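Throughout, protein chains are lettered first and strands after them, A, B, ... in sequence-line order, and every chain is numbered starting at 1. Please read all numbers here as calculations on a predicted model, not as lab measurements.
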Amino acid sequence: MGLKIIDDFPGVAMKVPGGSVMLGVMDAVINWARANSLWPLSFGTSCCAIEMLMATGAPHQDMARFGAEVARPSPRQADLLVVAGTIVKRMAPTLRTLYEQMAEPRYVMATGACAISGGPFIYNNYSVVRGADEIIPVDVYVPGCPPRPEAFFYALLTLQRMIRSGDSLKSRHVHKRPVMSALPAGITVADIQEELRDLLERDSAVDVEKEAAAGPWAGKGYC
Amino acid sequence: MALFDPKGARAETRQVAGKSVAVLLAPRLVRRGFLHDVFYGLKSLLTGMRVTLPYGLTTSRIVTRQYPENRGTLKMYERYRARLTFIRDGQGRHTCTGCRNCEKACPNGSIIIETAKGAVTGKNEVQRFIWRFDACTFCNLCVYTCPFDALEMKGDFEHAVFDRRLLVYNLNSYAGPHASLWDKVEDEEQRKTLATKISPYDGKVPLAGTSMAGCPARAHGEGGAS
Amino acid sequence: MTVQAYTLDDLVKRLDPQATEGASQQYFLNLGPQHPAAHGVLRVMLFLDGETVVRAIPVLGYIHRGIEKMGESLSTRQFIHLTDRLDYLSALMNNWAVARTVEKAAGIEVSPRAEWIRTIMAELQRLQSHLLWLGVLGMDLGAFTPFLWGFRDREELTYIFEETIGARLTMNYVLPGGVMSDIHPEFAARVKKYVAYIRPKIAEYEALLSGNVILEERLRNIGRLSAEDAVSIGATGPVLRASGVALDLRKASPYGAYDKLEFQVPVGTVGDSWDRYWVRFEEMRQSIAMIEQLLGGIPEGPHMSVKPAVKVKLPEGVHYGQLETARGILGVFIAAAGGSDVPYRIHLRSPTFNNLWSVTRLAPGWRIADLVAILTTLDLVIPDIER
Amino acid sequence: MEANELQEVVLAFASGAKVREKTDRPSLTVPAASLPDLLAKLKADERLSFDMLLDHTAVDWLERGVLELFYQLFSTRHGHTLTVSAEVPREEPVAPSVSGVHLIAEWQEREVYDMFGVLYEGHPDLRRLLLDDSWVGHPLRKDYRDDHMIERPK
C-alpha cells in the first residue's frame, strides 16, 4: 500500500486532486514568490549566529542575492526560522513560542550540529536539547559546526526548491518534504527503502487512501 | 580645532601588577559651546560622507563571492574541514585497520566502528565505519590521531538535507581488509571473497529514534511536542 | 538552617516597591532573551521610569550548556574543542588558555615556533574579534556602514585562518604541546598583504566614526565605571583598561612570544562608553603593530612536541592558568586526581561573566538606547558568560 | 614578592590557616568561618593588596564528603596571586558570603549555589544563576544524575 507512494514520491503524494489549471498556475506563482522572498527571523543563540545571520548578511556573502536579507526581529514578520545555535532546556519554550507566533507558511532550518542533534553536547550533558526537531518541526538540516555561509546558501536554495514544489492552495499547511530528492549521487530510493520504510511511512509519505478517509480533507472529494 | 583629535593620545608609563607598563591614554572629547558644536557636527557628518561616497562610485571594490554562480570554479582551501572521508588508493581500497583510535579520540561519539575477524586474513577488518555527520564538530582529532593516515577531511560543503537520518554515513564502501592486508593474499579466488560491497546507508544505521550498539535511542517528546 | 535561597519571582516581589518608588511612569520591560541588540540570548529585566532605567537585572541561563560537567568525562585534549564554543570570537585564545594550563601542570615544553604561531594567531584573532565588535557597535548605534566594513575586513582574516587551520570560527587549533598543524607556506605572505590592506582601512574607520558627532553623543560620559568598581567586580580586558587600570597579562606576565614584542597598552581615563570604544579601537592598531613585528622573524623548529598517541596525564593537585583573550582574562581551573588525562573538575573563569555584572551598576539612570550602547561597548559574548 | 615570602606573610595574618599542598601557586586552606574577615584583610593590607577576586568555584570531593571552595585572588597593584580554599561538608554546605568584600562574589556565589548547592550566609540575593528556579538538584555535584543525561557509550 505504502510502497507505491514511496516509489513515486513526491510526485504522487501531494498532487492537487482534481487539478484545475487555474489553481495550478496560481500555486506556481505563489510558491515562486514565497521561495524568493524568505524573510529570516533573526534567532541566533551561539556560534552559528555569527556565520549564519551576520556573515551571510555582510559584503563577502551578501544574503540579499537570495532575497532573504530582510532579517526580522519579530516572528510575526518572518517566515524562515533559522535555528542557529545550541538550544538549551531553558530556551526551548521560547523557541517553541517564537515558532508558534510565526505566520503560515513558515519554514524552519536547523543549522549546525547543535541544532540538528545536540552536536558536541550529546553525552554527559544535563542542559542541552538534542536537536531543534525535538521542539519544532524542521524542514532543512545544514550540517557543520558551524556550516560555512556557502553551505547556508546551499540550504537556502534547497529550501527554495522545496517551497516551489510545496504548498498548494487546495491542501494548505501541508509542506512537501521531498526526502528523497536530497539523496547523494549514486544512491537511489531502493538503497535505503528497506531500511527506512517504517519511518518513511510514518513521517514523510502520505497514504492517500487513508488520508482520504481520515485526513484533514476527508470527505471533500479530493482523493 | 576639532572635538576629537585622533593623535591626541598621550603616552606614559605606569606601575601595574608590579611592572612598569607603557600605556596610551585615551584622548577626551572637548565641548566648545553651542555654535561650535553645530558647525562641528555638520563637518563630521560631511567627513563621514566623504569617506563612504567613493564606495558608491566605483565598482572595483566589489568583494562579494558569487556563490552559487561560481559553483564550477569555487575551490575550498585544501585544509578546510567539512566532511570526513576515507583516503583511498587507486583501486578504492582504504587503509583503516579498525584500531578505534579515532573512535576514542572523538569528543562526542560521532564515530562508531564495527569490526569483525576476516575469514581469510584472520585479522580485524572494518565492517562499517559509521560517521554521524549530524553530530560531528570537525575538530579534526580523528584525523590527527589516526596512525595509519586512513582519514581525511574534505572541503565540500553542500550537504543540506530534508531528513536528519540521511546525515549518518558509512564511510567505507566495502567491508573487508585494509590495503596492505589485501596484497598479502595471493590466491586470486580468495581475493574475490575478501570484501563485500556496502553503500553509504548500508546495514542498520543509527537512526534518530532507534537504538543500536554505540548509539542510544533519542527520547522522544521530552523537549516538547511534535 | 538560617540561609534562605530565593527564586526569581521572590526577587521581583521584593524589588517591586523599591523599583517604582517615586517614578512617574512605571514600566517593566524584558530585554531579551532574544533581542537583536543583546547579541545572543541575554535577558535583562528592566524596571523603568518612562524610558529611564531604574534597575537592571540580568537573568542568565538561556545558553548554559554545562560544559564544565562534560569536562569531567573528557580528556583535556578533547575538552579544548568545547572551549571554541564559549567565546567563539576568540576561540583560539580559549584553546590556548586550556593548553597552557595543561602544559604548565604536566611540564610540557613548547617549541619557540609553536609559541610564535600561537601568538600571531592570537593577535590576528584579537583583531578579528575587535573588527566584529566595531561592526556590531555601528549597527547598534544606528549606523550600517561599520557593520559592512567590519565584516568585509574580518572575512579576509577568516580566509587566512581557513588556509592554515582549516576552520573559520571554531578552530580547535592549539593543543597541549603546540599547534595542530604547521602554518601554510603562503601564510606569512598573506598576512603581510593583509596588514598592508588593513592599515588604511583603520584610518578610514577613524575618519568615519571616531570624530563623528552622533557617535560621540551616544558614548561620551555614558556608563561610567570607576576603577575601584571595575577591580572589585573583577572586570578585565578592555573594560578594565578603559577604567584606567592598565592590567594586561601580555605585559604583566608575558606568555607566548609577547615578551619579545613592543607595544603600548591603551588605557581610558574615566571609564565611560567612549573610553571602552577607544581602547578597543586602539588595540586593533596595537595588534597590527604586533603582527608586523612577529612577521619579522619566524623561528624554525617543530610545531608540536607531544605525539598524538601520547596521553597528557595531569599530576594530582590544583592547577590554575590564565590568559588575556580579546575580552579579558580567561582563567582555567583544573583539579586533577592524578594519573589520568581526564580532569576531576575543570572550571573556566570567563571574562565577560564579570564584565556583565557592571550592567547592574551602569544602566540605572540611563535610557534604554544608552543601555544598548553600554551593552555593546562591554562586548559581551553570552555563551562565554554561561558556559 | 616571592611565593614563599608571600605565603609567610599571609600565614601570619590568618589564624588556623594551613598551606595547601599540590598547587602551582601560593595557596592556603582556612576554616570557612574566617573567609570574609581574611579576604577583607588581604584586600586592605598594603603589602598584599589582593583587590581582585578573579575566580570563585568549588570542587566536590565525593569520597571525602566535602565541598572545597576555592578563591583565586589577584593583586592589580603587585601582580601576585593567591589561592584560598575552605572546606564545607557535602551534606550541609553552609559558608559565609564574601560579597561584602568583593562585589563580583555575589554572582560567583550564586553560581556555586546553583551548581553545588552551597548556601552562603549573608548573601543579599541567593538565587540560582544559570538554571531555572524549578531545577531539581545541583548538576556539578559528582553524584548528580537526571533522565536527560546520557552516558557516552564505552
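Two residues are said to be in side-chain contact when any heavy atoms from C-beta on lie closer than 4.5 Å; T360(C) and E106(D) fail this criterion. Within the 4.5 Å cutoff, no side-chain heavy atoms of Q72(D) are placed close to those of Q322(C). Side-chain contact between K69(C) and M115(D) is absent, with no heavy-atom pair separated by less than 4.5 Å. Residues H347(C) and F70(D) are not in side-chain contact: their nearest non-hydrogen atoms beyond the backbone lie 4.5 Å or more apart. Looking only at side-chain heavy atoms (C-beta outward), V318(C) and R25(D) stay at 4.5 Å or farther from each other. In this structure, H64(C) and L129(D) have side chains that are not in contact, with every pair of non-hydrogen atoms separated by 4.5 Å or more.
For R77(D), no part lies near chain C; criterion is any non-hydrogen pair under 4.5 Å. Heavy atoms closer than 4.5 Å to chain C are found in both the backbone and the side chain of T23(D). Looking at A105(D), there are no atoms closer than 4.5 Å to chain C (heavy atoms on both sides), in backbone or side chain. If you measure heavy-atom distances from I63(C) to chain D, you find no contacts under 4.5 Å at all. Only the backbone of A235(C) comes within contact range of chain D, with heavy atoms under 4.5 Å apart. Within the 4.5 angstrom heavy-atom criterion, no atom of A252(C) approaches chain D. With a 4.5 angstrom heavy-atom cutoff, F333(C) touches chain D only via side-chain atoms. If you measure heavy-atom distances from R110(D) to chain C, you find no contacts under 4.5 Å at all. Contacts between D132(D) and chain C at a heavy-atom distance below 4.5 Å are absent for every atom of the residue. For L62(D), the parts lying near chain C are the backbone and the side chain together; criterion is any non-hydrogen pair under 4.5 Å.
Contact tally against chain C (heavy-atom pairs below 4.5 Å) for H56(D), M149(D), K142(D): the top residue is K142(D). If you tally non-hydrogen atom pairs under 4.5 Å between each of V59(D), T81(D), L103(D) and chain C, the highest count goes to L103(D).
Taking the six-membered ring where tryptophan is involved, the planes of W107(D) and W357(C) are perpendicular, since the angle between them exceeds 60° and thus also 30°.
Here the closest heavy-atom approach between residue V101(D) and residue S232(C) is recorded as O-OG, 4.2 Å. Residues N354(C) and L53(D) come closest through the heavy atom pair ND2-O, 4.5 Å.
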task = I would like to know whether R345(C) and E68(D) meet salt bridge (Lys or Arg N to Asp or Glu O under 4.0 Å); could you show each step before the answer?
result = CA-CA 12 Å; R345(C) 159 122 171 87; E68(D) 191 171 7; over 6 Å; no
message = Set out, in order, the CA-CA distance, both residues' side-chain angles and the distance that settles side chain to side chain contact (heavy atoms under 4.5 Å, CB included) for D60(D) and E72(C), then state yes or no.
response = CA-CA 12 Å; D60(D) 180 11; E72(C) 292 171 10; over 6 Å; no
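Between the OG1 atom of T57(D) and the OH atom of Y320(C) there is a distance of 9.0 Å, given to the nearest 0.5 Å.
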